[in-house]
Number of protein chains: 2
Amino acid sequence: MPSPLPSRTRGPKPTKVDPDHLLDAAQAVFAEEGLRAASLRAIARRAGCDPALIYYHFASKEALFLALLDRRFPAVLQDMARLAEPTDLRPTPLRLWDVLLIYHRHLKDDPGIRALIRGEIVRGAEGLGHLIEDQIRPMIGSIQRIFEQGIARGEVRPGVQPLMATFFLAKMQLEILDVLPAVLPLLTELPPEGAVLTGMRAWLEILWRGVALDPAAPLPTLPSPLV
Amino acid sequence: MPSPLPSRTRGPKPTKVDPDHLLDAAQAVFAEEGLRAASLRAIARRAGCDPALIYYHFASKEALFLALLDRRFPAVLQDMARLAEPTDLRPTPLRLWDVLLIYHRHLKDDPGIRALIRGEIVRGAEGLGHLIEDQIRPMIGSIQRIFEQGIARGEVRPGVQPLMATFFLAKMQLEILDVLPAVLPLLTELPPEGAVLTGMRAWLEILWRGVALDPAAPLPTLPSPLV
DNA sequence: GATCCAATTCAACAGGTGTTGAATACTGGT
DNA sequence: ACCAGTATTCAACACCTGTTGAATTGGATC
């Protein structure tokens with residue numbers, strides 16, 4: 001026995017750890033710990049592999065995070081773009097409600113990405129330039145267009161600035177998804193379960209009355225999200 | 001010369017480093033780096049002293065942060081309580097505008113505290129219990145009362161839920177202070193200087209029309225903040 | 001002048017971080 | 001049977017973190 005101990009743990013596993021599985025783990029850890037506090041070791045532990053393996057699939061921690069975003073954003077962007085098509089002639093409040101539903105559908109379970117859109121995108125993370133250009137700006141453009149079409153169709157007050165309204169609509173929805181379920185039970189006796197949906201309806205009602213040309217007109221019934 | 005070198009750097013400085021100066025430095029670093037990333041070494045560097053000195057005045061990093069909050073909150077709370085007194089018979093939109101102005105005045109230069117109110121308060125930081133009980137809950141209560149009084153006075157729609165409206169009003173103001181100056185130049189050619197005030201006015205206009213009993217009534221002129 | 005205390009720094013600790021180079025094992029092709 | 005390539009781990013690097021105990025100094029008090 002010349003060699004001290006032939007270790008048997010190295011080499012490929014019976015079932016490969018594909019990059020998508022790593023992204024799942026990363027998403028979960030980012031969600032729990034926050035962006036900065038999430039460590040590669042924690043992510044690797046979650047994925048059941050060694051931290052070094054992450055570097056086999058991704059160039060760095062930042063690249064891992066960017067890959068996470070690149071996986072999620074296109075679907076949101078696409079949904080939003082479809083919603084903004086001028087051939088959609090439904091009442092504007094219904095379309096705005098759909099904006100909220102799209103966020104709800106795609107971002108409900110991904111606080112990491114919400115945190116990014118929320119603010120992390122502003123300061124730092126140099127590699128984000130392409131994301132802002134390719135995904136976020138068009139997404140905002142889509143919502144903005146819904147407001148513009150609403151003005152043209154005589155449903156929205158002409159005094160409303162579409163970009164501001166977009167900012168308000170989207171930002172608040174992120175807050176509703178993020179903190180309302182945590183904050184509402186702190187302030188009332190309400191259970192957190194219905195908090196998000198309650199908040200969304202209350203928000204759209206106030207926002208719509210705020211921007212509508214005829215605020216006295218009744219809101220159409222807002223369908224619940226499909227679960 | 002028996003001793004190698006009698007160091008002359010130790011001992012009290014000619015001018016004492018008082019705890020308030022440490023808090024100033026801490027606030028600045030928390031603002032720039034974010035809560036988690038702000039290191040005691042960076043704070044000490046900013047304050048021009050050794051990291052260990054921080055432990056002479058504060059028990060831990062968390063205690064330092066809590067002291068920072070305890071220094072800022074009472075003034076906000078007091079302003080808000082005064083504003084909510086039922087003897088204030090000015091039009092409700094003017095009072096809501098004052099809510100925004102109070103946030104603007106006290107939190108404009110303190111992103112660390114804004115970040116805390118925004119979300120950090122939810123997850124983690126065990127020592128925050130007393131703050132929520134003593135400062136934040138009464139603060140929210142004050143705003144809520146303004147809405148309730150507005151309903152009683154026939155200015156606000158009775159359908160409006162005061163707590164939800166409070167959440168929307170305050171949350172959005174934090175977003176306006178926080179990200180609007182950074183995000184607006186990214187999306188338009190507008191300079192960041194006027195972004196906050198423009199955003200605040202646009203926000204109050206939409207929110208007020210959204211909650212007013214008579215949304216057609218014109219907004220009173222909103223005074224600019226005193227700088 | 002000796003003594004005490006408050007204020008400050010130094011040097012180190014233990015632990016965590018992102019990252020890398022080398023070693024290893026399995027698989028498929030020739 | 002060899003070889004190449006792919007996927008995986010190990011062990012270490014340099015650095016940063018919050019925190020602490022001991023050492024030091026200056027001023028006030030006795």
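Model, not experiment: these values are computed from the prediction. All chains are named by letter (A, B, ...) in the order of the sequence lines, taking the proteins before the strands, and each is independently numbered beginning at 1.
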List the residues meeting salt bridge (charged side-chain N to carboxylate O under 4.0 Å, His left out) with A/Asp20, not counting sequence neighbours, and say none if there are none. A/Arg71

Considering only [options], which nucleotide approaches the side chain of [X] most closely?
| X | options | answer |
| --- | --- | --- |
| A/Ser60 | D/dT17, C/dT9, C/dT19 | C/dT19 |
| B/Leu53 | D/dT8, C/dG18, C/dA7 | C/dA7 |
| B/Pro51 | D/dT19, C/dG18, D/dT9 | D/dT19 |

Do any side-chain nitrogens or oxygens of A/Tyr56 fall under 4.0 Å of OP1 or OP2 in D/dT8? no

Can you tell me if the side-chain N/O atoms of B/His57 get under 4.0 Å from OP1 or OP2 in C/dT8? yes

For [X] and [N], give me the distance from atom [atom1] to atom [atom2], rounded to whole Å.
| X | N | atom1 | atom2 | value |
| --- | --- | --- | --- | --- |
| B/Tyr55 | C/dA11 | OH | C1' | 16 Å |
| B/Asp50 | D/dT20 | CG | P | 14 Å |
| B/Phe58 | D/dT20 | CZ | P | 16 Å |
| A/His21 | D/dT8 | NE2 | P | 11 Å |
| A/Leu40 | D/dC16 | CG | C1' | 15 Å |
| B/Ile54 | C/dT9 | CD1 | P | 11 Å |
| A/Lys61 | D/dC16 | NZ | C1' | 13 Å |
| A/Phe65 | C/dG18 | CZ | C1' | 16 Å |

Once hydrogens and angles are ignored, does a donor-acceptor distance under 3.5 Å link the base of D/dG18 to the side chain of B/Arg41? yes

Any side chain to side chain donor-acceptor pair (under 3.5 Å) involving residues 38-48 of chain A? Give me the pairs, sequence neighbours left out, ordered by first then second residue. A/Glu32-A/Arg46

Is there side-chain contact between B/Phe168 and A/Leu207, with heavy atoms separated by less than 4.5 Å? no

Do B/Leu100 and B/Leu169 come close enough that some side-chain heavy atom pair is under 4.5 Å? yes

Short question: side chain of B/Trp97, backbone of B/Pro223 - any donor-acceptor pair under 3.5 Å? yes

Touch check for B/Ala38, heavy atoms < 4.0 angstrom, all strands: base, sugar-phosphate only, or nothing? sugar-phosphate

Nearest-nucleotide 5' precedence on DNA chain C, A/Ser39 against A/Ala59: A/Ser39

